[in-house]
Amino acid sequence: MSIVIFIVILLVLVLVHEAGHFFAAKKFGIRVDEFGFGFPPKLFGFKKGETEYTFNLLPLGGFVKIFGENFEEADFVEVGFLDKDKDSKKNDFSRSFVAKPKWQQAIVLFAGVFMNFVLAWVLFSIGFMSGLPTSVGNEPAGYKLQDVNLVVLSVLENSPAASAGLKTGDKVVSVTHGHPKEVVHTITDINPETLKAFVLEHGDEEIEIGYIRGKSNEINIAKITPKETNGDPAIGISMDMIGTAKLSFFKAISEGFKLTLFMTKNTAIGLYTLISEGITGKGDLSEVTGPVGIANIVGDAYKFGFTYL
């Protein structure tokens, strides 16, 4: 399921990107010969106006074929596009990418990235309007998060938490230790720090974690015996305090824009750091993931719910 969702997301991102090139080219009168959904081999297509819309076998994005984008003057001379005595062919050349002013070419090239930025802005804004899951401390200024819970962000494979049935997205609502005939030790203020301290205090003794999964209000109990990791007892989860930020329309648009700028900035910093550390030999390949890793991340986000995704 994660792979299917990943492919759908990739398809949307690439098609929105290519649509930016497509509409910008059309706006400046540049001929677009093909808009492809997916990559060849071609399955079927139809032509509307001068553009053929094709549906291809490999659903990993798409492409636009812009006339004259890859220009070599000899090719245009050979087919007559630079022959001034042939008006119709000269007109064809005037509609090529390379015949347009440099500023128009730049806009056509930049339009793809711009559309990805706009898509992120729209999605973040919709998220804030419908209720965007937000980490405590990262909420919009002056806004108090609703329904704050300690949420399991990830569960290590073969860990005590995994064996007990805890999953990504579970909300921790109770943590206790003890048997019916003994004094029960309970956490009253549940957060990452108190849970870590609780596990350290009880070592390899069984503890019970109450959690809520999905939209159900039913409390499930996971009985977990911590296991020593790097010298300390651990149950094998990462966690954070997560609440919901639900904003009004105009506030959502504003905060969505700010979040898009924040994410864009951090993406740029991440790419710069990756390249610079690679050049200086300080890079760590363990911090880099490929398509399979991204698909797993998408799967984890899907477990939290559609808004997280």
Side-chain angles (χ1 to χ4, degrees), residues 1-126 260 263-264 267 271 290-292 294-295 298 302 306 309:
M1 189 63 181
S2 298
I3 295 175
V4 173
I5 295 170
F6 170 61
I7 290 175
V8 170
I9 289 175
L10 184 63
L11 182 65
V12 171
L13 291 176
V14 175
L15 289 180
V16 167
H17 179 93
E18 296 301 331
H21 297 312
F22 175 83
F23 287 113
K26 289 283 191 179
K27 177 68 176 177
F28 295 130
I30 302 172
R31 199 179 84 205
V32 180
D33 293 329
E34 183 179 356
F35 192 126
F37 296 81
F39 291 112
K42 174 182 172 181
L43 295 176
F44 63 92
F46 65 91
K47 196 164 187 177
K48 186 176 181 181
E50 62 189 10
T51 304
E52 182 182 14
Y53 299 86
T54 60
F55 295 83
N56 302 283
L57 181 62
L58 303 177
L60 299 177
F63 64 93
V64 286
K65 196 173 182 181
I66 297 176
F67 174 57
E69 185 175 10
N70 301 313
F71 171 70
E72 290 184 14
E73 187 173 355
D75 293 337
F76 280 89
V77 171
E78 182 180 347
V79 296
F81 288 156
L82 297 184
D83 188 341
K84 296 181 179 179
D85 296 328
K86 298 180 180 180
D87 292 337
S88 62
K89 291 183 177 179
K90 188 172 68 174
N91 287 337
D92 273 345
F93 175 71
S94 70
R95 298 197 59 218
S96 69
F97 178 80
V98 293
K100 298 300 178 180
K102 295 297 182 184
W103 67 270
Q104 291 186 5
Q105 294 181 24
I107 289 176
V108 171
L109 293 175
F110 178 70
V113 176
F114 177 73
M115 285 300 292
N116 284 134
F117 182 91
V118 171
L119 175 64
W121 182 10
V122 169
L123 291 178
F124 284 138
S125 299
I126 291 174
T260 306
M263 296 295 289
T264 302
T267 299
L271 288 171
V292 175
I294 296 173
V298 168
Y302 177 72
F306 182 74
L309 182 61

Gap separating the [atom1] atom of [X] from the [atom2] atom of [Y], nearest 0.5 angstrom:
| X | Y | atom1 | atom2 | answer |
| --- | --- | --- | --- | --- |
| Met115 | Phe23 | CE | CZ | 7.5 Å |
| Phe97 | Leu109 | CZ | CG | 4.0 Å |
| Leu309 | Leu123 | CG | CG | 10.0 Å |
| Ile66 | Glu18 | CD1 | CD | 8.0 Å |
| Leu11 | Leu58 | CG | CG | 12.0 Å |
| Leu15 | Phe35 | CG | CZ | 5.5 Å |

Does atom [atom1] of [X] have more than 12 heavy-atom neighbours from other groups under 6.0 Å away?
| X | atom1 | answer |
| --- | --- | --- |
| Ile294 | CD1 | yes |
| Lys65 | NZ | no |
| Phe28 | CZ | yes |

Looking at every non-hydrogen atom in both residues, tell me the closest pair between [X] and [Y] and how far apart they are.
| X | Y | answer |
| --- | --- | --- |
| Ser96 | Gly68 | CB-CA, 4.1 Å |
| Val32 | Phe22 | CG1-CD1, 3.7 Å |
| Lys26 | Thr51 | NZ-OG1, 2.9 Å |
| Ala111 | Gly20 | CB-O, 3.2 Å |
| Leu13 | Asn116 | O-ND2, 3.1 Å |
| Asp33 | Arg31 | OD1-NE, 2.7 Å |

Between His17 and His21, how do the two ring planes meet: parallel, tilted or perpendicular, split at 30° and 60°?
-> perpendicular
Could you tell me how the ring of Phe44 sits relative to the ring of Phe55: parallel (under 30°), tilted (30 to 60°) or perpendicular (over 60°)?
-> parallel
Applying ring-ring contact (aromatic ring centres under 6.0 Å, His included), name anything that partners Tyr53, two or more places apart in sequence or on another chain.
->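 Applying ring-ring contact (aromatic ring centres under 6.0 Å, His included) to Tyr53 gives Phe46.
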May I ask you to decide whether Arg95 forms a salt bridge with Glu50, counting only side-chain N to carboxylate O separations under 4.0 Å?
->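 A salt bridge is present here (some side-chain N lies under 4.0 Å from a carboxylate O).
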For the pair Gln105 (side chain) and Lys100 (backbone), establish whether a donor and an acceptor sit closer than 3.5 Å, ignoring hydrogens and angles.
->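 Side chain of Gln105 to backbone of Lys100, a donor-acceptor pair under 3.5 Å: yes, one is there.
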